[in-house]
Amino acid sequence: MRSGILAKVKRIVIKIGSGVLTCGDNGLNKPLMGSIAAQVAELRASGRQVIIVSSGAVAAGRKELGIDGRPRSIPQKQAAAAIGQSRLMHAYEEAFDPFGHKVAQILLTRDDLAHRGRFLNARATLDTLLSFGVIPIINENDTVVFDEIKFGDNDSLSALVTNLAEANLLVILTDIDGFYEADPRTTPDARLIPLVRQITREMERAAGGSGSTVGTGGMVTKLAAAKKAGQFGVPTLMLNGRKPSLLAEAFAGREVGTLFLPGKESLNRRKHWIAHTLRPSGRIIVDDGARTVLARQGKSLLPSGVVRVEGKFDRGACVRVCGSDGTEIARGLVDYSHDEIIRILGHRSGEIEAILGYKYGDEIIHRDNLVVL
Ligand SMILES: Nc1ncnc2c1ncn2[C@@H]1O[C@H](COP(=O)(O)OP(=O)(O)O)[C@@H](O)[C@H]1O
Ligand SMILES: N[C@@H](CCC(=O)OP(=O)(O)O)C(=O)O
């Protein structure tokens with residue numbers, strides 16, 4: 001099954017973790033970067049396109065600044081990223097040069113992808129680079145981000161880039177052989193899970209944080225990324241990137257690492273973007289009747305099912321739709337602002353115009369703009 005899946009893949013996003021690219025306090029692991037470049041060059045020679053999402057800027061910069069361990073403040077981390085990012089790109093240029101491949105740097109914040117126009121712009125740039133045969137290397141723009149516009153970790157970023165690029169495979173290269181039934185740091189005899197058909201709650205509980213001083217998120221964010229890619233119909237292959245030829249071996253048919261299969265039903269690009277890239281700005285609490293029809297029948301959210309609104313947002317904003325127990329059941333783009341919803345909630349759609357003096361439509365969230373989670 002694996003080789004069947006990998007044989008069909010045309011466009012791949014490869015995420016490379018800090019623990020793969022750096023070796024302790026000695027900065028970037030250039031020999032290993034060379035072997036990754038050789039394997040990527042092989043994939044390119046087989047007619048596949050590759051986009052890299054690379055971590056490592058903070059870890060590389062930290063060495064240059066003489067910071068021991070993790071940077072202690074946000075400005076320190078941002079300064080480390082500023083110096084490390086140029087070192088990182090230089091190392092990639094050197095690694096790909098012997099294979100005749102050019103690389104290009106793309107630094108993103110969540111805002112760049114949450115704005116539909118900028119998202120499409122980034123997409124056009126990616127396509128153009130790929131059409132010139134260049135290998136795009138993406139990282140979070142760590143030097144300028146703050147909480148509101150942050151992806152937070154590159155596992156999440158790689159899942160969003162998979163959507164951005166409409167790739168058919170996400171590869172996560174990390175510092176461990178794959179996903180284990182328990183965190184191997186605390187359970188040394190834990191077994192590797194080679195194939196995951198569906199990410200369960202139990203698996204999420206088995207995923208721990210990062211085991212190194214350079215990684216962010218650990219297995220928690222990797223599972224979340226595999227889940228997001230899966231909702232877009234894309235499988236995720238997690239491999240040990242420290243082993244120099246594993247990527248090539250996996251494509252040659254060797255069953256290494258962990259393969260996460262996508263779900264049977266997948267979201268289209270726009271709904272995936274609403275669910276995962278946009279940042280929700282408020283909550284709409286619905287009654288049990290609305291909850292059932294949204295979840296089971298894929299209907300629009302009408303004012304009659306709304307019980308309460310939390311937060312302030314404009315028409316067109318992305319909001320969470322929650323049940324009365326607070327569980328998030330869906331996410332969507334609202335046709336009315338928070339103060340308009342407060343006035344029409346609990347009423348029939350036919351009454352909207354009489355209450356507001358105007359009407360955009362019958363729905364608070366139209367089903368085309370609603371994603372059940
Ligand atoms: N169930 C698990 N299976 C495998 N690794 C796990 C698990 N739970 C936690 N981990 C930890 O996650 C680490 C990989 O994540 P991280 O340090 O963030 O790497 P990266 O820099 O590649 O993103 C592993 O080294 C391991 O210590
Ligand atoms: N953007 C940061 C990496 C953040 C991150 O997610 O790191 P990792 O867990 O090693 O993939 C950097 O370049 O240092």
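Whatever order the structure lists them in is the order used to number ligands and atoms, beginning at 1.
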Ligand 1: protein N/O within less than 3.5 Å of ligand N/O:
from     : atom 1 : to     : atom 2 : distance (Å)
ligand 1 : 1 (N)  : Tyr180 : O      : 3.0
ligand 1 : 1 (N)  : Ala206 : O      : 3.0
ligand 1 : 3 (N)  : Tyr180 : N      : 3.0
ligand 1 : 8 (N)  : Gly208 : N      : 2.8
ligand 1 : 15 (O) : Lys222 : NZ     : 3.4
ligand 1 : 17 (O) : Ser210 : OG     : 2.6
ligand 1 : 18 (O) : Thr216 : O      : 3.4
ligand 1 : 18 (O) : Gly218 : N      : 2.9
ligand 1 : 18 (O) : Lys222 : NZ     : 3.4
ligand 1 : 19 (O) : Thr174 : OG1    : 3.4
ligand 1 : 21 (O) : Ser18  : N      : 3.3
ligand 1 : 22 (O) : Thr174 : OG1    : 2.7
ligand 1 : 23 (O) : Lys15  : NZ     : 3.1
ligand 1 : 23 (O) : Lys222 : NZ     : 2.7
ligand 1 : 25 (O) : Asp175 : OD1    : 2.7
ligand 1 : 25 (O) : Asp175 : OD2    : 3.4
ligand 1 : 27 (O) : Arg185 : NE     : 2.9

- For atom 2 (C) of ligand 2, what's the nearest protein heavy atom and its distance? Asp142 OD2, 3.4 Å
- Message: Parallel, tilted or perpendicular, judged at 30° and 60°: which one describes the rings of Phe179 and Phe260?
- Response: tilted
- Taking Leu28 as the fixed residue, which of Glu94, Arg87, Lys63 is the one that meets the side-chain contact (heavy atoms from CB on, under 4.5 Å) rule? Arg87
- Message: I need the contact type for Asn154 against ligand 2. Using non-hydrogen atoms and a strict under-4.0 Å cut-off, is it side chain, backbone, both or neither?
- Response: both
- Query: Does Gly56 come within less than 4.0 Å of ligand 2, judged by its heavy atoms?
  - Reply: yes
- Task: Answer yes or no: does atom CZ of Arg367 have more than 12 heavy-atom neighbours from other residues, nucleotides or ligands under 6.0 Å?
- Result: no
- Query: Can you find an N or O of Ala57 that's nearer than 3.5 Å to an N or O of ligand 2?
  - Reply: yes
- Query: Is Arg270 salt-bridged to Asp368, cutoff N-O under 4.0 Å?
  - Reply: no
- Message: Just checking Arg116: does its CZ atom have more than 12 heavy atoms from other residues, nucleotides or ligands closer to it than 6.0 angstrom?
- Response: yes
- Message: Regarding ligand 2, does Thr216 bring an N or O atom to under 3.5 Å of one of the ligand's N or O atoms?
- Response: yes
- Query: Where is the nearest protein heavy atom to atom 8 (P) of ligand 2: which residue, which atom, and how far?
  - Reply: Ser55 OG, 3.5 Å
- So is Lys15 polar-close to ligand 2, meaning N/O to N/O under 3.5 Å? yes
- Message: Assess whether a salt bridge exists between Arg320 and Glu310, defined as any Lys/Arg side-chain N lying under 4.0 Å from an Asp/Glu carboxylate O.
- Response: no
- Item | Main-chain N/O of Arg348 paired with Glu351 side-chain donor or acceptor, under 3.5 Å | yes
- Mind checking whether His338 and Phe313 have parallel, tilted or perpendicular rings, split at 30° and 60°? perpendicular
- Task: Please work out whether any backbone atom (N, CA, C, O) or any side-chain heavy atom from C-beta onward of Asp153 is under 4.0 Å from ligand 2, and answer side chain, backbone, both or neither.
- Result: both
- Message: Tell me the contacting part of Gln85 for ligand 2: side chain, backbone, both, or neither, using a 4.0 Å heavy-atom threshold, strictly below.
- Response: neither
- Query: Would Glu140 and Arg110 pass as an ion pair if we require N to O under 4.0 Å?
  - Reply: no
- Query: So is Ser18 polar-close to ligand 2, meaning N/O to N/O under 3.5 Å?
  - Reply: yes
